[in-house]
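The residues of the chain are indexed from 1 along the displayed sequence. Read the numbers this way: they start at 1 and go in the same order the structure lists the ligands and their atoms.
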Amino acid sequence: MLNIALFGPPGSGKGTQSKKLLEKYHLVYISTGDILREQIAQQTALGLQAKQLIDKGHLVPDELVVKLLEEKMDNNPKADGFLFDGFPRTFEQAGILEDLLSKRNMSLSGMISLEVPEKELTERLLQRAKTQGRSDDTKEVIEARFKEYASKTMPVIDFYKGLNKYHPINGVGTLDEIFARIQQVIDNL
Ligand code: B4P
């Protein structure tokens with residue numbers, strides 16, 4: 001069984017590469033960013049709370065995200081494996097994911113980290129802003145997201161280094177080049 005966490009800073013291509021991974025591997029896709037945006041679109045209480053934070057570039061509290069993630073896992077009891085996009089995003093979430101998987105007799109096969117310089121990330125996100133108009137893709141909010149990433153999300157790398165599950169990938173290049181690098185890691189897991 002293959003369980004992959006796709007990791008990286010905002011705009012590193014997690015969502016983009018996830019689509020390619022799903023075409024090739026039969027995994028259940030869990031993107032916490034997408035799930036939160038769905039909650040916002042449906043104007044649920046949780047969505048309204050999440051929107052206030054996302055629009056400022058902040059992370060959503062662990063307990064809210066974990067509740068949504070667990071629901072999605074429970075709705076797919078026969079999954080052959082999961083692709084986690086954008087989760088875990090804090091050291092605590094990484095520990096929680098280990099527990100959630102082990103309760104279901106599973107474990108994470110590897111954490112694949114897309115590494116992209118900040119200048120390129122900013123350019124990508126500002127470019128996306130022109131086409132998709134996401135409320136968190138403004139220059140000010142992007143800067144706040146990078147700060148949040150450095151302080152709260154980067155420690156996740158140490159968590160997986162400690163488990164020998166951290167696999168850094170050069171996230172600069174064409175979509176196919178990056179996908180080939182990811183596949184190489186998966187083939188060696
Ligand atoms: P996410 O939806 O996960 O969004 P992201 O980090 O901005 O994007 P991603 O890395 O997927 O980039 P993409 O492929 O789209 O999170 C949004 C927010 O939700 C977070 O800021 C947070 O507030 C909240 N949240 C989510 N999960 C959470 C959690 N676990 N805990 C707490 N809060 C959570 O690529 C970006 C752009 O680059 C696209 O336009 C794409 O076309 C382009 N691109 C991709 N690859 C490229 C390449 N190789 N070359 C050039 N351009 C490329």
Which residue and heavy atom of the protein sit nearest atom 33 (N) of ligand 1, plus the separation: V60 N, 3.2 Å
For atom 8 (O) of ligand 1, find the nearest protein heavy atom and state the residue, atom name and distance (0.1 Å precision). G11 N, 3.6 Å
For the 3.5 Å polar cut-off, considering only N or O atoms, please tell me whether D85 and ligand 1 meet it. no
Minimum side-chain heavy-atom gap L68-T32 below 4.5 Å: no
With respect to G86, determine whether any N or O atom, backbone or side chain, lies less than 3.5 Å from an N or O atom of ligand 1. yes
Polar contact flag for R128 and ligand 1 (N/O pairs, less than 3.5 Å): yes
N/O donor-acceptor pair under 3.5 Å between N188 side chain and Q184 backbone: yes
Looking at atom 45 (C) of ligand 1, what's its closest protein heavy atom, distance included? T16 OG1, 3.4 Å
So which protein heavy atom does atom 50 (N) of ligand 1 come closest to, and at what separation? R124 NH2, 3.5 Å
Within-shell test, G8 vs ligand 1, heavy atom, strictly < 4.0 Å: no
In terms of residue, atom name and distance, what is the protein heavy atom nearest to atom 26 (C) of ligand 1? R89 NH1, 3.3 Å
Between F91 and F159, what is the ring plane arrangement, given parallel below 30°, perpendicular above 60°, and tilted in between? perpendicular
Against heavy atoms of L175, which atoms of ligand 1 measure under 4.0 Å? 46 (N), 47 (C), 48 (C), 49 (N)
Nearest-neighbour protein heavy atom for atom 31 (N) of ligand 1, which is reported as residue plus atom name and distance: Q93 NE2, 2.9 Å
Is there a donor-acceptor contact under 3.5 Å from the side chain of N76 to the main chain of K72? yes
When you look for heavy atoms under 4.0 Å from ligand 1, do you find them on the side chain of R145, its backbone, both, or neither? side chain
Backbone or side-chain N or O of G171 under 3.5 Å from ligand 1 N or O: no
Protein residue, atom and distance nearest to atom 2 (O) of ligand 1, heavy-atom basis: R37 NH2, 2.8 Å
